[in-house]
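Beneath this line is the structure, given in structure tokens, with notes to follow.
A note on names: the letters A, B, ... follow the listed sequences, proteins ahead of strands, and every chain is numbered from 1. Computation of the quantities below employed the complete heavy-atom set of this structure, encompassing side-chain atoms and omitting hydrogens, waters and symmetry-equivalent molecules.
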Amino acid sequence: MGQKHVLITFNRVPYGSIFYTEGLRAAVGVTSGIDEHTVDLLYLGDGVNFCLKDVDRTDSARYLTTLAAQDVNLKAEKEALQDRNIAESELADDVEVVSRSQALELICKADVTIDF
Amino acid sequence: MGQKHVLITFNRVPYGSIFYTEGLRAAVGVTSGIDEHTVDLLYLGDGVNFCLKDVDRTDSARYLTTLAAQDVNLKAEKEALQDRNIAESELADDVEVVSRSQALELICKADVTIDF
Amino acid sequence: MSNLYLVDQPYGGNGVNLAVQDSDAVVVLIQDGVYLDVSGLSGAGRTVYAVKRDVERRGLESRVPSTVKRIGFDELVDLIEANKVVNFA
Amino acid sequence: MSNLYLVDQPYGGNGVNLAVQDSDAVVVLIQDGVYLDVSGLSGAGRTVYAVKRDVERRGLESRVPSTVKRIGFDELVDLIEANKVVNFA
Amino acid sequence: MATIGVLLTGGPFQYEHWETAVDIGDAALAKGHKVKYFFYLDGVYNPVSYQTFPDLDVMPKDRVQELVAKGAEIIACGICVNARGLQGGKDYVEGANVGGLPDFAEIVGECDRLVTL
Amino acid sequence: MATIGVLLTGGPFQYEHWETAVDIGDAALAKGHKVKYFFYLDGVYNPVSYQTFPDLDVMPKDRVQELVAKGAEIIACGICVNARGLQGGKDYVEGANVGGLPDFAEIVGECDRLVTL
């Protein structure tokens, strides 16, 4: 037993499957256990599409609100955004852009990783 | 009611999901009804990986045997093979290579299409 | 009666490749199909539709080109009735 | 203790991209991950493994480079025990 | 008026094919078309009647039941049903029936259009 | 001896994640490791005990039961179970239990390694 730092990666576009929102539900669940694990949320590859500001967050808002209260924001990989021609101005306010090197640092910092 | 010509396309690599074999089961099912529909099997995109001669056909052999008895072979799109650097010499004997234009003719000839 | 390509991911690209060469093709993007690059289709003169709800949910209103006509299920059913459906969804 | 990237499709490419830059990376291809192009990984000097059964079922013995070491689940478990698992499967 | 066949291979929840399949059926029935569904592979999970989720009023099985009420025909692949442990569809919503691929072959023969999701 | 946690989000049949998850568990148990599974999303379909398929002797639920017999711990997400109409896992093979995300958080805390499939 013990507190761990968990990196959760999101790799799929939103809406064709439920991973984009059920991954957030898992993030809330992981942080609210008695061990009080901490999490980072990292959007990679097609996953960065969730970070667009106009994405409908009806299903995910409550999880994001809970996570934001723990100072957990959304980190989107810069290279993935560039590959998809997504400008930073198109992203939601709670999204932080990180480089691939920074993404790698998040992996190294994490005790465990989970992918959705 | 009435006999139809059905084009079944296979679009996914074998083994990560069951579509490669359950699609063949459906092909057998469609051709053995009272209407005696006829089918073409067309492998497109990643689906052409099923046409490699060394693919394990344990799960699919009986469906392929049934279909072969009705003179149904496997048609693989040439452009998809080329994109994946798959040479014709790597393909199984029951595979016929067709061009994208011929694939399009199969679509035009079909009364209905099904994708797996 | 044209060929109506119903296109979703992950393998909708196979349908797009065919529709580019099919002078009789009409394409409808459904679900994650709205993420597909359709510039080749538009360039080849094909009419491309997208399910409005699927574009909106994903926040893609400004990213899916305006040449792609947004439709509801009502119009989608009319297209299905009027054409031969080529499934890539 | 290295970072052990467990890589499958459809989004294993995200793991490969990171592992190429991660000098402490070891990569294991599982299931459809064996279809991935790993030349970048080998070129960067990373050790790449593939689950033998997954390569064989798909008939890829001659297509997955011989630099990719085939392993069974027994060896996979040893790798999991000895390293930090980075999941992309 | 046309007969539209729908082959659904996706289950509820995980992937959203089921939702498009239902939305197309709803719209088609509203226009007076006949709609016949064949649920294949994970598609057979959709009509299980005990689905419940906190805060969700309408579950996939409710949408299936509405389709039946509006006149849609629904047949699920029995081999797929039993493979998944659903015991011949004993917990299916009313009107969702269990059959086999011959039923699908019949839908293919009857339909003017076939949509696969 | 290590404790290996496994998060499985894939169901039986349609995709093959379940098989890799079981194969890793089998191999780990044979080496004397502890293995703890959390079944999430479609992963909760795996332990349904009535699975049958012509010509197949071993079904996914049999593999799950073998894991339990060899000492693996199995907990399924109750919200996912009920969403899918599985009524609290009443038809689960023996030893496959229903819990919730707090159980997964505990597995995360306990495990030396976490594999997600």
Side-chain angles (χ1 to χ4, degrees), chain B residues 2 4-20 22-23 26-27 30 37-51 74-84 86 97-116, chain C residues 1-51 54 68 71 73 75-89:
Chain B
K4 288 198 177 142
H5 185 65
V6 182
L7 173 67
I8 304 187
T9 67
F10 292 84
N11 299 274
R12 300 179 193 247
V13 295
Y15 279 99
S17 64
I18 51 167
F19 299 100
Y20 74 97
E22 291 290 61
V30 163
H37 306 305
T38 52
V39 292
D40 273 313
L41 309 178
L42 176 61
Y43 290 79
L44 296 171
D46 284 341
V48 297
N49 283 287
F50 181 74
C51 299
L74 283 57
K75 296 182 168 66
E77 196 203 58
K78 191 178 185 171
E79 286 81 351
L81 293 167
Q82 287 171 342
D83 288 346
R84 288 156 186 79
I86 297 174
V97 177
V98 299
S99 66
R100 188 163 292 166
S101 309
Q102 288 172 302
L104 212 46
E105 284 168 26
L106 293 173
I107 286 176
C108 293
K109 181 182 133 198
D111 297 303
V112 297
T113 69
I114 303 174
D115 56 321
F116 281 101
Chain C
M1 188 161 90
S2 298
N3 292 325
L4 182 79
Y5 289 75
L6 278 189
V7 164
D8 188 5
Q9 291 281 47
Y11 53 76
N14 297 346
V16 170
N17 286 341
L18 288 160
V20 166
Q21 289 202 9
D22 181 352
S23 58
D24 203 26
V26 171
V27 177
V28 181
L29 310 175
I30 61 176
Q31 294 281 8
D32 289 344
V34 300
Y35 287 109
L36 285 163
D37 178 2
V38 294
S39 54
L41 288 169
S42 303
R46 308 289 171 260
T47 302
V48 184
Y49 300 89
V51 172
D54 295 339
V68 174
I71 57 172
F73 286 98
E75 290 150 291
L76 176 53
V77 168
D78 289 344
L79 286 169
I80 288 169
E81 188 190 3
N83 297 285
K84 181 159 91 181
V85 181
V86 184
N87 291 289
F88 283 97

With sequence neighbours left out, write down each residue that passes salt bridge (Lys or Arg N to Asp or Glu O under 4.0 Å) with C:Asp37, or none if nothing qualifies.
none

Between chain B and chain C, which donor-acceptor pairs sit under 3.5 Å apart?
from, atom 1, to, atom 2, distance (Å)
C:Tyr11, OH, B:Asp115, OD2, 2.6
C:Asn14, ND2, B:Asn11, OD1, 2.8
C:Lys84, NZ, B:Ile107, O, 2.8
C:Lys84, NZ, B:Cys108, O, 2.9
C:Lys84, NZ, B:Ala110, O, 2.5
C:Val85, O, B:Thr113, OG1, 3.2
C:Asn87, N, B:Thr113, OG1, 2.9
C:Asn87, ND2, B:Thr113, O, 2.9
C:Asn87, ND2, B:Thr113, OG1, 3.4
C:Ala89, N, B:Asp115, OD2, 2.8

Test side-chain contact (heavy atoms from CB on, under 4.5 Å) applied to B:Ala27 - qualifying residues, sequence neighbours left out
B:Ile8, B:Leu41, B:Leu67

Could you look at C:Val86 and say if it's the side chain, the backbone, both or neither that has a heavy atom under 4.5 Å from chain B?
both

One option among B:Ala110, B:Gly47, B:Ala80 has the most heavy-atom pairs under 4.5 Å with chain C, and it is B:Ala110

